[in-house]
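Working notes, beginning with the structure itself.
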Amino acid sequence: MHSSNNISSYISSPILIGSVALGGDYPIRIQSMTNTDTLDTAASVAQCIRIIEAGSDFVRLTAQGVREAENLAAIKNELRKAGFSTPLIADIHFNPAAAETAARLVEKVRINPGNYADKRAAFEKTDLTDKEYGEELEKTHSKLLPLINICRENKTVIRIGINHGSLSDRIMTRFGNTPAGMVVSALEFIRIFRAENFNDLVLSMKSSDTAVMIDATRSLVIKMQEAGLSYPLHLGVTEAGEGEDGRIRSAAGIGALLAEGIGDTIRISLSEDPEFEIPVAKKVAGYYPRSSVSEIPEGRISFKSPSVRPEILKSINGPMVIMNMTSYPDIDNAGYQDAGFKPDKQTGEIKKTDTSADLIMASGLPGLIPEDVSLILPYKKWFGQIDNKRLFPLFSPETYHENSLRSPDLNVLLTGSHYDIQYLRKPDPLTTLVIFTFHPDREKYAADQFLKTLEENNLSHNVILNPVFREKNLEDLQIKASSLLGRFVIDKRIAGICLHNIGEISLKEVTSVAFSILQCTETRITRTMYLSCPTCGRTKFNLQESVRKVREATGHLKGLKIAVMGCIVNGPGEMAGSDYGYVGAANGKVHIYRGTIPVLKNIPEKDAADELLKLIEQDLSNR
């Protein structure tokens, strides 16, 4: 995986989508997609207006067939009569004829190389000789020619939209269902368009896995830079879900790239009404405006968290979570519950859960310290509690250097942007953690600079990032914290996070956000993982209600990844990597998948969540 590097110099070449400029120094554009039936003109127009009035720069509509593509004319006409000039985008899968029809009517067409010319992926090996592979590319070129000519004549832009879950069998056999395969798929189409001297292109590399989406996009940027290309980029995390997880998963993936100066337009894919995506997208785009890119430290930053860590923390499967409770005068049972602990139902004794803080920073020795709790105390107060194996000292790098009395198990060093690198040379990563505190509102790239300095000085430390926010709104904290921290945990550059908020948001909610960032980046799984698409005109059942039912039925199955997908077109591919899938098949009918294999077909929607749970329980009992 590519780590953060100096690709901030990537500036895309602007293009016009209708009257809206995209790329270059223009603002990051926001878009969403309707989930109405594209043949229902009134409903589609009404939803387009809601999306536009929420602040969207573009609106995308599905056109699964020629009839739907033709009806885009009626939708566009009604919008223009109502005074809306927002460019429209047609979303195409499998159907070149629909793409060619739509390209005459709307300002932009999105096509998927995985299924535009290649057959629907069956996830089977398709071994081709180099000659046969070249012949397949020639067929693809021939299929694209009519669309290219129509788009040239009508000044229609094309988005080459690569999806991790819908690569062709041809690509997957030779390059794997991988970021590398995604990049090859994109470059193949770029070469075809360039051979026809057509460059009104936008590129996207989407996945429900934030790490795959980030890696594929970074890799594509590097390849384009090497080739002297500079096409605008569309960013999005597919099947992000809804609620807190949907916002955090999207912000972690998109924010990681925007932080590096990559991205020209974004779509937040939530399993909610599409107009609700726009305020979230605005917050994500606003957190890393174009002007912030100049703050990125120069040069490649490849600092990695060391493979060694203090023995006491080796049982933690992923990045650790530290909660700052120094503002509590005396931590009681309620305080421990704020940090994710729960009372035993029989005894009332405070017990650790999967989402309990691994360490708690306290200002003094609490009157009550449950057996499952480990505390960090100021070193002078720790001196009186040296024999307690659940208490650890907190030093500054300077006081650590000055004191010979230290814990043999774990010492925690607290520093910030004022650090003196000389005092960070001595600590051993086998017995120390370094907490780096910074204020993102005024030093957003302080952590990058800190890690870069450690790397330049050949220092290896288990770093905990401790951004201090001042947010009053929970959604703002979710978006900003995940946009900021997501790339560090995904790239394995830090050992954990210590999320701190000074404001009206409860510590319990802050703890939840911290664990959700790790859950949604798949760096530490503490509960069931759900993927769900935002739906579109292809969805023939109530997806939002289905997500709720599936969560209720399966929420106790920690570690499983379950996908709830709107349609059979993309569902089987887009949920690649999921243990189970719940996929729309027809009106009110659902297919239940185990991995990529449908095992229950055409289940009535009202019974589908129960049937899914029965299948999972049967599989678990047979293990």
Side-chain angles (χ1 to χ4, degrees), residues 16-22 26-64 68-69 71-92 102 105-110 156-157 159 161 202 204 206 232 234-243 246-247 250-251 254 263-286 475 479 532-539 542-544 547 566-567:
L16 278 176
I17 301 175
S19 60
V20 178
L22 175 71
Y26 288 99
I28 296 162
R29 303 300 187 186
I30 307 300
Q31 58 182 278
S32 184
M33 184 174 180
T34 61
N35 59 16
T36 52
D37 183 346
T38 309
L39 293 175
D40 187 336
T41 303
S44 296
V45 169
Q47 194 171 74
C48 284
I49 290 173
R50 291 196 297 274
I51 293 170
I52 295 166
E53 289 183 335
S56 189
D57 298 297
F58 309 118
V59 178
R60 183 156 44 115
L61 304 95
T62 187
Q64 61 266 53
E68 287 83 1
N71 202 53
L72 293 171
I75 293 169
K76 183 176 180 179
N77 184 53
E78 290 300 311
L79 285 170
R80 300 300 179 256
K81 284 189 342 191
F84 296 96
S85 59
T86 302
L88 301 183
I89 303 167
D91 191 76
I92 309 292
L105 303 172
V106 296
E107 288 81 2
K108 180 181 172 187
V109 172
R110 179 275 174 124
T156 306
V157 173
R159 169 156 71 97
V202 177
S204 67
K206 289 192 171 186
H234 169 121
L235 305 182
V237 177
T238 60
E239 290 74 58
E242 35 83 64
R247 283 153 177 78
S250 292
I254 295 171
D264 301 285
T265 178
I266 68 173
R267 191 261 172 115
I268 304 291
S269 298
L270 299 177
S271 299
E272 303 174 20
D273 293 342
E275 57 267 30
F276 296 161
E277 297 177 352
I278 304 305
V280 180
K282 284 183 171 181
K283 289 176 181 179
V284 174
E475 183 179 86
I479 290 168
S532 58
C533 69
T535 79
C536 66
R538 295 185 292 266
T539 303
N542 187 332
L543 187 130
Q544 292 179 35
V547 170
C567 71

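Note that these values count all heavy atoms, side chains included, but never hydrogens, waters or copies made by symmetry.
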Side chain E68, main chain L39, donor-acceptor under 3.5 Å
no
Could you tell me whether E475 and K282 have a side-chain N and a carboxylate O separated by less than 4.0 Å?
no
Criterion side-chain contact (heavy atoms from CB on, under 4.5 Å) against R110, the qualifying member of I92, D91, V202, V157
D91
Is a side-chain N or O of Q31 found less than 3.5 angstrom from the main chain of R60, in a donor-acceptor match?
no
First locate atom OG of S204, then atom CD1 of I266, and finally report the distance between them rounded to the nearest 0.5 Å.
13.5 Å
Main chain of L105, side chain of K76: is a donor-acceptor contact present, judged purely on distance under 3.5 Å?
yes
Going by the side-chain contact (heavy atoms from CB on, under 4.5 Å) test, name the single residue among I17, I30, I52 that passes it with F58.
I17
Just wondering, do L72 and L88 contact through their side chains at under 4.5 Å, heavy atoms?
no
Minimal heavy-atom distance between L235 and G263, with the atoms involved, is CD1-CA, 3.7 Å
On a heavy-atom basis, which atom in S56 and which in S32 lie closest, and how many Å separate them?
OG-N, 3.6 Å
Just wondering, are more than 12 heavy atoms of other shown residues or ligands nearer than 6.0 Å to OH in Y26?
no
Smallest heavy-atom separation, G236 atom then I254 atom, equals CA-CD1, 4.0 Å
Expected output: side-chain R29 to main-chain A21 donor-acceptor under 3.5 Å
yes
Looking at every non-hydrogen atom in both residues, tell me the closest pair between V280 and I268 and how far apart they are.
CG1-CG2, 4.0 Å
Can you tell me how far the CD1 atom of I278 sits from the CG atom of D273, to the nearest 0.5 Å?
12.0 Å
Let me confirm one number: the CE-CZ distance from M33 to R267, rounded to the nearest 0.5 Å.
6.5 Å
Sidechain-backbone polar pair: R50 side chain, E275 backbone, donor-acceptor under 3.5 Å:
no
Between S44 and T36, is a side-chain hydrogen bond (donor to acceptor under 3.5 Å, both in side chains) present by the stated rule, with each step listed?
CA-CA 6 Å; S44 296; T36 52; 2.9 Å; yes
Can you find a heavy atom in the side chain of P274 that is under 4.5 Å from one in the side chain of T34?
no
How long is the straight-line distance from CG of N71 back to CG of L61, given to the nearest 0.5 Å?
9.5 Å
Mind checking side chain to side chain donor-acceptor pair (under 3.5 Å) for D57 and listing every partner two or more places apart, or none if nothing turns up?
none
Could you check whether any side-chain N or O of D264 sits under 3.5 Å from a backbone N or O of L22, counting only pairs where one atom can act as donor and the other as acceptor?
no
When rounded to the nearest 0.5 angstrom, what is the spacing between CD1 in I89 and NZ in K108?
4.0 Å
Any sub-3.5 Å donor-acceptor pair from S250's side-chain atoms to V237's backbone N or O?
no
